[in-house]
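Before any comments, here is the structure.
When a ligand or atom number is given, it counts from 1 through the structure's own listing order.
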Amino acid sequence: MKEIVLSGIRPTGNLHLGNYYGAVQNFIKLQDNYNCYFFIADYHSLTTHPHPDDLHGRVKQILVEYLAAGLDPEKATLYIQSDVPEVVELYLFLNMNAYIGELERVTTFKEKVRKQPDNVNAGLLTYPTLMAADILIHKSNYIPVGKDQEQNLEKARDFAERFNRIYGIDYFPVPQAFNFGNDLIKVPGLDGSGKMGKSEGEGNAIFLCEDDKSIRKKVMRAVTDSGPTEPNQTKPEAIQNLFNLMKIVSKPETVQFFDEAYNNMSIRYGDMKKQLAEDIIQMVTPFRERINELANNDEYIKKVARMGAEKAHESASKTIKEVREIIGFRSF
Ligand code: ADP
Ligand code: TRP
């Protein structure tokens, strides 16, 4: 039997090049070789109290964008978290053995307390328990997540082991981070600050749904400096970032051309950015077209969601039935 890989996607913002090269491309490879579950974490998103008018649209947009980017509902189980309420029951069970002290020590929680002192709700505190429930409900083996999620994953491991120990049964596999070896790439942003991300500020990220004009505008505004002052100089961070981005989207000879121009001090950043913008546009265009197509195909989206819900429900209800029995619930 194939091992189980699972990951959750927060329905916030649009898919950008960082998400695509850093996450989705890995998912696409994984879906060919593992029994994959990918879901949109809409329960999790309630910690920020989204308006009811926004929630569905955001979930649909993310589903459409991940489909357009290459997640295949025939290969992976692609579902919406709230279509599988068994997750909530497991969350409740796990919470009975999750301790306030350990949850309070989770870095992401401490950060939220600092950043949003007015909304420190119990959902935030128990975010790691819900995430553990997501993972354990399908008895997942591998979780492909970035560094920022390591501590949450650690909690999921603790809760799995604790459950097994309490009930004296080797029931839940202890989930591991999926190790990509050297395959993990970091996509730099356009503001010179290292990482492309949706919360890094206006103009830093390029989205897969973005139009040509806006891409050109953002790239032309990317942070540079006044140019090299001596041959073969080490590139400052912002310039290196621009080259790194170019390495990801452009042909090797294009990168080489501008690298040589940098080294012999003839580089014109305007030309480099123009080229970079065109190469990003070439990469993004087919995705944007597919996003627009899918967004108008409600029948298909509905079918995908239904299919995912069915498959996820099948696996989740089996787990919940067994867990109930292990805990000692019996029907009369
Ligand atoms: P954002 O930083 O835009 O909020 P998320 O935190 O939602 O992005 O990230 C979702 C996934 O995309 C994670 O697996 C994360 O590691 C990956 N990812 C996000 N930004 C980048 C980036 N600049 N380079 C590589 N991977 C990224
Ligand atoms: N917490 C993850 C994030 O912020 C999303 C997520 C929710 C998740 N449940 C998960 C990731 C289960 C992996 C496994 O990106």
Does the side chain of [X] reach to within under 4.5 Å of the side chain of [Y], using non-hydrogen atoms?
X	Y	answer
Asn97	Phe159	no
Tyr21	Met283	yes
Phe207	Lys218	yes
Val323	Leu136	no

Distance filter under 4.0 Å to [X] heavy atoms, resulting ligand 1 atoms:
X	result
Asn19	5 (P), 8 (O), 9 (O), 10 (C), 11 (C), 12 (O), 18 (N), 19 (C)
Lys186	24 (N), 25 (C)
Arg10	5 (P), 6 (O), 7 (O)
Met196	20 (N), 21 (C), 22 (C), 23 (N)
Gly197	2 (O), 3 (O)

Tell me whether [X] has any N or O atom under 3.5 angstrom from an N or O of ligand 1.
X	result
Pro188	no
Lys198	yes
Ala23	no

Inset, instruction - Look at the aromatic rings of Tyr127 and His44 and report parallel, tilted or perpendicular, splitting at 30° and 60°. - result: tilted

Can I get a per-line list of side-chain donor-acceptor pairs under 3.5 Å for residues 68-75, giving both atom names and the distance, sequence neighbours left out?
| unit_1 | atom_1 | unit_2 | atom_2 | d |
| --- | --- | --- | --- | --- |
| Asp72 | OD1 | Glu74 | N | 2.8 |
| Lys75 | NZ | Asp32 | OD1 | 2.9 |

Between [X] and [Y], do the side chains contain an N or O donor and an N or O acceptor separated by less than 3.5 Å?
X	Y	value
Asp225	Tyr269	yes
Gln275	Asp279	yes
Gln240	Asn244	yes
Gln282	Glu278	no

Output block, N or O contacts of ligand 2, threshold 3.5 Å exclusive:
| unit_1 | atom_1 | unit_2 | atom_2 | d |
| --- | --- | --- | --- | --- |
| ligand 2 | 1 (N) | Tyr127 | OH | 2.7 |
| ligand 2 | 1 (N) | Gln149 | OE1 | 2.9 |
| ligand 2 | 4 (O) | Arg10 | NE | 2.7 |
| ligand 2 | 4 (O) | Tyr127 | OH | 3.4 |
| ligand 2 | 4 (O) | Gln149 | NE2 | 3.2 |
| ligand 2 | 9 (N) | His44 | NE2 | 3.4 |
| ligand 2 | 9 (N) | Asp134 | OD2 | 2.7 |

Legend entry - Shortest protein heavy-atom distance from atom 27 (C) of ligand 1, along with the residue and atom involved: Gly18 O, 3.2 Å

Inset, instruction - Do me a favour and list the nearest non-hydrogen protein atom to atom 24 (N) of ligand 1 with residue, atom name and distance? - result: Val187 N, 2.8 Å

Inset, instruction - Of the side chain and backbone of Ile185, name the one, both, or neither that has a heavy atom under 4.0 Å from an atom of ligand 1. - result: backbone

Legend entry - Proximity to ligand 1 by part of His16, non-hydrogen separation under 4.0 Å: side chain

Legend entry - Greater than 12 external heavy atoms within 6.0 Å of Phe178's CZ: yes

Inset, instruction - Could you tell me whether atom 15 (C) of ligand 1 has at least one protein heavy atom nearer than 4.0 Å? - result: no

Legend entry - Pair Glu314 + Lys311: basic N to acidic O under 4.0 Å: no

